[in-house]
Amino acid sequence: MNIGIIGAGAIANVMLECINHDSHENLKIKSVFVRNKEKYQHLEDEFGVTLYTDLDRFLSSNIDMVVEAANGEVVKAHLPEVLKHKDAMLISVGALSDGELVAELMRVAKNHEHTLHLPSGAIGGLDLLQNAQSHGDLKKVTLTTRKPASALSYENLESERVVFDGKAKDAITLYPQNMNVAIILGMAGMGIEETEVMLIADPNVERNIHQIEIEGAFGRAEFKIENQPLPENQKTSYLAAISILGTLERINRNFRIG
């Protein structure tokens with residue numbers, strides 16, 4: 001599978017290193033769409049890619065799949081056009097808090113017979129969640145996210161503080177930079193209007209910790225994920241980065257699990 005990336009930040013560089021430098025089987029990044037070609041010119045020699053600043057030329061290049069690894073504004077500006085031409089993977093899931101944009105992306109993908117992939121990002125257990133939801137027997141989905149106090153601008157906090165307790169939809173609105181997990185969890189399960197979220201600022205933790213509880217006719221499940229940050233960018237989860245590679249591998253296989 002030939003891949004095109006939109007963006008050239010930390011996640012894009014992890015993908016280039018893991019796929020092109022490590023010779024990932026049957027995967028190859030061919031094209032990178034950027035705003036400033038001169039700034040990222042070194043990527044062409046370092047990873048054997050071609051840089052583009054024109055979206056039409058980028059989409060016409062030798063690629064099968066587009067991975068968005070930029071930001072929410074880029075999603076709004078370019079993903080509808082991308083889905084007219086290619087399957088795509090969206091990393092900046094915070095953009096999906098906009099219901100109108102979600103509806104537009106789904107409509108374009110359906111009309112042009114393309115698929116929009118959303119990797120699991122910084123959490124796990126989405127296969128169980130989707131299986132339970134497919135039968136309509138989910139009763140409750142809760143997410144408790146515990147973050148270092150400094151990451152939530154509580155540098156002088158001496159003990160943990162609950163900074164939000166309510167529905168995922170409201171958490172996303174109030175904390176758009178911290179609640180990407182709530183979006184993907186809501187979309188996989190009961191929706192962001194029904195998913196319960198608690199956000200805690202904790203001066204005694206150094207990692208982001210996500211605890212997910214699911215209840216339904218199937219029984220009860222609980223997941224706890226403690227995320228290491230990406231060495232290249234402390235604001236990005238390591239698990240979120242590798243979930244992209246895992247999703248690309250599964251798309252490209254003839255043998256799939258789950």
Side-chain angles (χ1 to χ4, degrees), residues 1-7 11-12 15 30-35 52-123 126-127 129-136 138 141 143 167-174 176-177 179-195 197 240 243-244 246-248 250-252 256 258:
M1 180 194 301
N2 291 336
I3 301 163
I5 302 179
I6 297 179
I11 286 182
M15 291 179 62
K30 293 280 193 175
S31 307
V32 180
F33 178 73
V34 294
R35 285 185 293 185
Y52 294 89
T53 56
D54 181 87
L55 185 64
D56 290 337
R57 291 187 62 199
F58 169 74
L59 293 173
S60 298
S61 65
N62 183 27
I63 55 176
D64 307 301
M65 160 85 71
V66 172
V67 176
E68 175 277 320
N71 56 58
E73 292 304 314
V74 168
V75 173
K76 294 177 183 179
H78 296 311
L79 255 292
E81 183 64 24
V82 168
L83 284 169
K84 292 178 182 178
H85 302 272
K86 307 285 181 180
D87 288 353
M89 183 181 298
L90 191 154
I91 310 304
S92 304
V93 295
L96 301 183
S97 61
D98 182 341
E100 292 184 3
L101 176 62
V102 173
E104 181 183 10
L105 293 176
M106 292 176 66
R107 175 183 56 78
V108 173
K110 181 178 180 179
N111 289 346
H112 293 270
E113 297 184 346
H114 287 125
T115 301
L116 178 61
H117 299 271
L118 305 179
S120 57
I123 59 172
L126 295 185
D127 54 344
L129 181 60
Q130 291 179 94
N131 291 342
Q133 179 63 9
S134 69
H135 197 255
L138 276 175
V141 179
L143 166 68
K167 301 296 185 182
K169 181 178 181 180
D170 298 321
I172 294 160
T173 300
L174 293 171
Q177 302 302 317
M179 286 285 98
N180 284 354
V181 168
I183 295 174
I184 200 73
L185 191 67
M187 295 190 74
M190 298 174 67
I192 60 175
E193 295 86 0
E194 298 298 329
T195 302
V197 171
S243 76
I244 301 165
T247 302
L248 287 169
R250 288 189 291 275
I251 292 170
N252 201 46
R256 299 182 184 179

[X] (side chain) donor-acceptor with [Y] (main chain) under 3.5 angstrom:
{"X": "S243", "Y": "G121", "answer": "yes"}
{"X": "E68", "Y": "A88", "answer": "no"}
{"X": "S134", "Y": "N131", "answer": "yes"}
{"X": "K76", "Y": "A95", "answer": "no"}
{"X": "D64", "Y": "N2", "answer": "yes"}
{"X": "S97", "Y": "G94", "answer": "yes"}
{"X": "Q130", "Y": "L126", "answer": "yes"}

What's the shortest heavy-atom distance between [X] and [Y], and which atoms?
{"X": "I5", "Y": "A12", "result": "CG2-CB, 4.0 Å"}
{"X": "V74", "Y": "N71", "result": "N-OD1, 3.0 Å"}
{"X": "V32", "Y": "G7", "result": "CG1-O, 3.5 Å"}
{"X": "D87", "Y": "T115", "result": "OD1-N, 2.9 Å"}
{"X": "V181", "Y": "A122", "result": "CG2-CB, 4.0 Å"}

[X] vs [Y] side-chain heavy atoms within contact, under 4.5 Å:
{"X": "L116", "Y": "L79", "result": "yes"}
{"X": "I3", "Y": "I63", "result": "no"}
{"X": "I91", "Y": "P119", "result": "yes"}
{"X": "E194", "Y": "K169", "result": "no"}
{"X": "I251", "Y": "T247", "result": "yes"}
{"X": "L90", "Y": "L96", "result": "yes"}
{"X": "L248", "Y": "M15", "result": "yes"}
{"X": "L185", "Y": "I123", "result": "yes"}

Open item on the list: If you apply the rule side chain to side chain contact (heavy atoms under 4.5 Å, CB included), what do you find for R107 with K110, and how did you get there?
Closed with: CA-CA 5 Å; R107 175 183 56 78; K110 181 178 180 179; 6.0 Å; no
Task: Approximate separation, where rounding is to 0.5 Å, of S31 OG and F58 CZ - done: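 If I round to the nearest 0.5 Å, the distance is 6.0 Å.
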Task: Interatomic spacing from CG in L129 to CD1 in I184 - rounded to 0.5 Å - done: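 Here the interatomic distance stands at 10.5 Å.
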Task: salt bridge (charged side-chain N to carboxylate O under 4.0 Å, His left out) involving K30 - partner list, sequence neighbours excluded - done: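 Partners of K30 by the salt bridge (charged side-chain N to carboxylate O under 4.0 Å, His left out) criterion come out as none, since no residue qualifies.
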TODO: Output all residues satisfying salt bridge (charged side-chain N to carboxylate O under 4.0 Å, His left out) with E81, sequence neighbours left out; order by chain, then residue number.
DONE: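 By the salt bridge (charged side-chain N to carboxylate O under 4.0 Å, His left out) rule, E81 matches K84.
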Task: side chain to side chain contact (heavy atoms under 4.5 Å, CB included) evaluation trace for L59 with K86 - done: CA-CA 8 Å; L59 293 173; K86 307 285 181 180; 4.2 Å; yes
Task: Residue list, ring-ring contact (aromatic ring centres under 6.0 Å, His included) with H114, at least two apart or on another chain - done: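 H114 satisfies ring-ring contact (aromatic ring centres under 6.0 Å, His included) with no residue once adjacent residues are dropped.
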- [ ] Could you check whether the rings of F33 and H78 sit parallel, tilted or perpendicular, using 30° and 60° as the cut-offs?
- [x]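 F33 and H78: perpendicular rings.
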Open item on the list: Between I6 and V67, does the side chain to side chain contact (heavy atoms under 4.5 Å, CB included) criterion hold? Intermediate values first, please.
Closed with: CA-CA 6 Å; I6 297 179; V67 176; over 6 Å; no
Task: E193 CD: over 12 foreign heavy atoms closer than 6.0 Å - done: yes
TODO: Check the pair D98, V102 against side chain to side chain contact (heavy atoms under 4.5 Å, CB included), reporting the backbone distance first and the verdict last.
DONE: CA-CA 6 Å; D98 182 341; V102 173; 6.0 Å; no
